[in-house]
Number of protein chains: 2
Amino acid sequence: MSLKLKALDQNQAIEMGKSCVCFITRKAARCITQFYDEMLRPVDLRSTQLILLNSIRILGPVSIKRLAKAVVMDRSALARNLKPLDKQGLIRIESGEDLRERVVTLTKLGLEKATEAFPLWEKAQAEVQNKLGREGLDTLFASLSGVVSLTRKK
Amino acid sequence: MSLKLKALDQNQAIEMGKSCVCFITRKAARCITQFYDEMLRPVDLRSTQLILLNSIRILGPVSIKRLAKAVVMDRSALARNLKPLDKQGLIRIESGEDLRERVVTLTKLGLEKATEAFPLWEKAQAEVQNKLGREGLDTLFASLSGVVSLTRKK
DNA sequence: TAAGATTAGGGGTATATGCCCCTATATGTC
DNA sequence: GACATATAGGGGCATATACCCCTAATCTTA
């Protein structure tokens, strides 16, 4: 930076603090995650983990790559997040026919865990829906989907 | 769990995958964070870091506790997030009059960094606003604020 | 004022997340 | 079939985030 910029003033700072989409979105993610985490505590699962188990439940035997795309997450981050689930025996990770691939499957134990978690998730979800209202929830989804697709490449 | 539950079926799984507020919110947070991060790369700051610098800019010399409350973040998580900023000399952390407290201040270098980052942030913000529209942005904010206040204790 | 309660942070532990670079495996082309 | 290219993951590195428990400092109250 060769140019001498005028130092960020209080008004600009306040504007950033109030209107930053990244800030509000991350803040909300932290809050909502804590909320779901707390609801899921009885089954000893984090929200992120339930999300993964559930996605694996849906996508059946699935490669890391495809799963990562489905949950919109970095491949290597996903792979790491799978480790605790693997260690607990909730999923199985094996080589596929294509030897480059690793195929992820839900185990019996994993399905049981997801089954136990479901009613707790429903309760959390219902509470949120209750507070935000059906419409609030719909617009929230619409907006956030907008954010996601906004930044998706390919 | 002594009760034998009926195993989570595909429809339930799909419902969870499609409607989970936690999932969509985290997904959006990841996406938007990557977007802002990329825009901020030229000044070698992450979005989270800019958010913190900016909050410190606004709140002046501020204790960890108060800052954590302002950004709605766990105290100890915040303290750790401050470390890289401290190491880079962008902030200063010292003891306050109350010896239990640590007081955080923006340094000259930190102010410069925030100043350089501001136009980049504006650009990112403008792009998002462009895609979502003024109204989309407003509803997004309303919804997310709802989520945050929904889960705030005290 | 001394004992008990409250408050601010620190450190341990575990997860979540992304980028970059490297290796192994496929695939496509001559 | 040999070589160039493309694809799937793994590992290093750095940050982000939360919970729990512990210590130090302050405040309250008997």
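Order of the sequence lines fixes the chain letters, A, B, ..., with proteins taken first and strands second; residue numbering starts at 1 for each chain. Please read all numbers here as calculations on a predicted model, not as lab measurements.
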- Message: Rounding to an integer number of Å, can you tell me how far B:Phe35 CZ sits from C:dC19 C1'?
- Response: 18 Å
- Given the rule that I, L, V, M, F, W and Y join up when any side-chain heavy atoms are under 4.5 Å apart, are A:Val43 and A:Leu106 in one cluster? yes
- Separation of C:dT15 atom P from A:Asp74 atom CG, nearest Å, is 19 Å
- Message: I need the CG-C1' distance between B:Leu40 and C:dG18, as an integer number of Å.
- Response: 15 Å
- Message: Is the phosphate of D:dA18 approached by B:Ser76 (side-chain N or O, under 4.0 Å from OP1 or OP2)?
- Response: no
- Message: Less than 4.0 angstrom from a charged side-chain N to a carboxylate O is my criterion; do B:Lys123 and B:Glu127 meet it?
- Response: no
- Between B:Ile56 and the options B:Ile91, B:Thr105, B:Leu90, B:Ile51, the side-chain contact (heavy atoms from CB on, under 4.5 Å) test singles out B:Ile91
- Query: Reckon B:Arg41 touches a base, only the sugar-phosphate, or nothing at all at heavy-atom distances under 4.0 Å?
  - Reply: sugar-phosphate
- Query: Are any of B:Arg80's side-chain N or O atoms less than 4.0 Å away from OP1 or OP2 of C:dG10?
  - Reply: no
- Message: Heavy atoms from C-beta onward define the side chain here; which of D:dA16, C:dT15, D:dG9 lies closest to that of A:Pro84?
- Response: C:dT15
- Message: Please confirm whether the shortest side-chain N or O distance from B:Arg26 to OP1 or OP2 of C:dT17 is below 4.0 Å.
- Response: yes
- Query: Distance only, no hydrogens: is a donor on one side chain within 3.5 Å (strictly under) of an acceptor on the other, for A:Gln10 and B:Arg57?
  - Reply: yes
- Note on the structure: Of B:Lys65 and B:Lys83, the one whose closest nucleotide on DNA chain C sits nearer the 5' end is B:Lys65
- Task: Using whole Å, report how far NZ of A:Lys69 lies from C1' of D:dT7.
- Result: 11 Å
- Over its full length, what angle do the end axes of the helix from C:dT1-D:dA30 to C:dC30-D:dG1 make, each axis taken from five pairs and the result rounded to 10 degrees? 10°
- Return the value, rounded to whole Å, for the distance between atom CZ of B:Arg30 and atom P of D:dT17. 13 Å
- Message: Can you tell me if B:Ser63 touches the phosphate of C:dA8, counting only side-chain N or O atoms and a distance under 4.0 Å to OP1 or OP2?
- Response: no
- Answer yes or no: is there a side-chain heavy-atom contact under 4.5 Å between A:Val62 and A:Val103? no
- Message: Can you tell whether the side chains of A:Arg41 and A:Asp37 come within less than 4.0 Å, N to carboxylate O?
- Response: no
- A:Leu53 CG to C:dT15 P, straight-line distance once rounded to whole Å: 13 Å
- Euclidean distance, atom CG of residue A:Asn81 to atom P of D:dG10 [Å, nearest integer]: 13 Å
- Message: If you count every heavy atom of other residues, nucleotides or ligands that lies below 6.0 Å from B:Glu135 atom CD, does the total exceed 12?
- Response: no
- Distance-only donor-acceptor check, side chains A:Thr33 and B:Arg26, under 3.5 Å: yes
- From the list C:dG12, C:dG9, C:dG18, which nucleotide is the closest neighbour of the side chain of B:Arg102? C:dG9
- First encountered from the 5' end of DNA chain D, between B:Ser47 and A:Val103: A:Val103
Anything under 3.5 Å between a protein N or O and an N or O of nucleotides 25-27 of chain D, put it in a table, one pair a line.
{"from": "D:dT26", "atom 1": "OP1", "to": "B:Leu99", "atom 2": "N", "distance (Å)": "3.2"}

- Message: Can you confirm whether A:Tyr36 sits close enough to A:Gln125 that some side-chain heavy atom of one is under 4.5 Å from a side-chain heavy atom of the other?
- Response: yes
- Enter the distance from A:Lys65:NZ to A:Leu78:CG here, rounded to the nearest 0.5 Å. 12.5 Å
- Gap between atoms CG and P, on A:Leu67 and C:dA16 respectively (whole Å): 13 Å
- Is the distance from OP1 or OP2 of C:dC19 to the nearest side-chain N or O of B:Gln34 less than 4.0 Å? yes
